Amino acid sequence: MQSVIAARRDGLPHTQAELTYLASGAGDGSIPDYQLAAWLMAAYLRPLTDQETAWLTIAMANSGQRLDLTGLPKPWVDKHSTGGVGDKTTIVLLPLLASCGLTVIKMSGRGLGISGGTVDKLASIPGFRLDLSPEELKNQAREIGLALTGQTPELAPADKVLYALRDVTATVGSIPLIVSSILSKKLAGGAETVILDVKSGSGTFMPTFENASELADALGRTAMYCGLNTRIAISDMDQPLGSAVGNALEVKEAIRVLSGEESRFSRHCIQFAGLTLEASGLWASRADGEAAALQAISNGNALAKARQWFKAQEATVDIISHPELLPQASIVDEICSEAQSGWISRIDARAVGQAVVELGGGRQKKEDEIDYSVGVEFHVEVGSPVSTGQPLVTVHAATEKAAQAAVDALRNAIEFSQTDIPRREAILKMPQL
Ligand code: URA
């Protein structure tokens, strides 16, 4: 390992054997954290080339079990978002795609800091299991077309170790390391088609469109090398995605979208569904895919699939018919506009995410407990016209004190303009077809 670290430090190219040794040693615990941490910093300062990134990705995928989906109905798809504030797209997209005939198996993460995690959102559903074994994932996907689990030790264990070390060594932001982390998990998950949603804006770790484009391009190059059929879009994370931020509130919003609610967030989901259905080869174009997704929502198939999914993962209550059985906060406060009439010009996603963490809806440290019931619901988005006294946000909190702190923080997160501000769709860039 010393010579691998020295090679990176001195800017010498890595061989495939070196990166394979590193990933397997990270995965099985035979390389100590201090050596991995030293290599990570060297790799941060001297970024891996595309060839090295691809070798590392494959080696990380091979550090554990790779799901073999043979026997499951094709096409096999997976999705990944680089995360952010209010992003509950997976909860809509999985049943929607499965109801259109795709097989979707997904491993999702927990939230940390302002970035929410799908695992925490689904954990707000009483009884919902998020620890499916590889066999259980496959069996469930065979039966109902979809399955989701939290990070399992079996798949890409090297990523678990390296990501935890990156988190505490200021090396998260390296694009080749992000690419290998994301794509190693996708490779290990066994899908052939992968849809990637790269977020850009204050609520994510790629604050500008240029940063996000650089990551998207690097993901595309490595995915192609690894033989994944991939589509990559860039979407806006300067304002929260959708109206709800907070675990149970986001599940409710996802169910409303599956039930036919139309919004900026529902259009985001439909566009992603169209992209995925086209990429899977079952539909000729994105537009045909979008039409199929809209139909699955309007004829009730997508919602029925969600009901089947929650039941298969052992939800103990039917939250689709009874959303009131999700955790509910005891304090509900409204923030109304004090401004003169005007338009909303900014809702700072980072500040909103931070406010929800402080309400108890997210973690500051890995071991923190989450309050699934708390969060915020926006009644406006960037570009909404507002008049004095109009409700802007509903705050769901555990105590009056926490509610008041959130109200103060959210008032600072929202900016107004006296001139017309155009509304902005969530997707900033999609592949040209
Ligand atoms: N998401 C991941 O899975 N890995 C990263 O490194 C960053 C975002």
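First listed ligand is number 1; within each ligand, the first listed atom is number 1. In this text, all values refer to a predicted model and were calculated from it rather than measured experimentally.
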A.B. asks: Got a sec, which pairs hit side chain to side chain donor-acceptor pair (under 3.5 Å) with one end in residues 356-365, sequence neighbours left out?
C.D. replies: D120-R363, Q354-E358, K365-D368
A.B. asks: How long is the straight-line distance from CD1 of I427 back to CG of D197, given to the nearest 0.5 Å?
C.D. replies: 7.0 Å
A.B. asks: Is there a donor-acceptor contact under 3.5 Å from the side chain of S174 to the main chain of T171?
C.D. replies: no
A.B. asks: Between W76 (side chain) and L72 (backbone), is there a donor-acceptor pair under 3.5 Å?
C.D. replies: yes
A.B. asks: Measure the acute angle between the ring planes of W39 and H14, then classify it against the limits of 30° and 60° as parallel, tilted or perpendicular.
C.D. replies: tilted
A.B. asks: Non-hydrogen atoms closer than 4.0 Å to ligand 1: which protein residues do they belong to? List them by chain and number, please.
C.D. replies: H80, Y163, R166, I178, S181, I182, K185, F205
A.B. asks: Nearest 0.5 Å, please: how far is OG in S345 from CD1 in I414?
C.D. replies: 10.0 Å
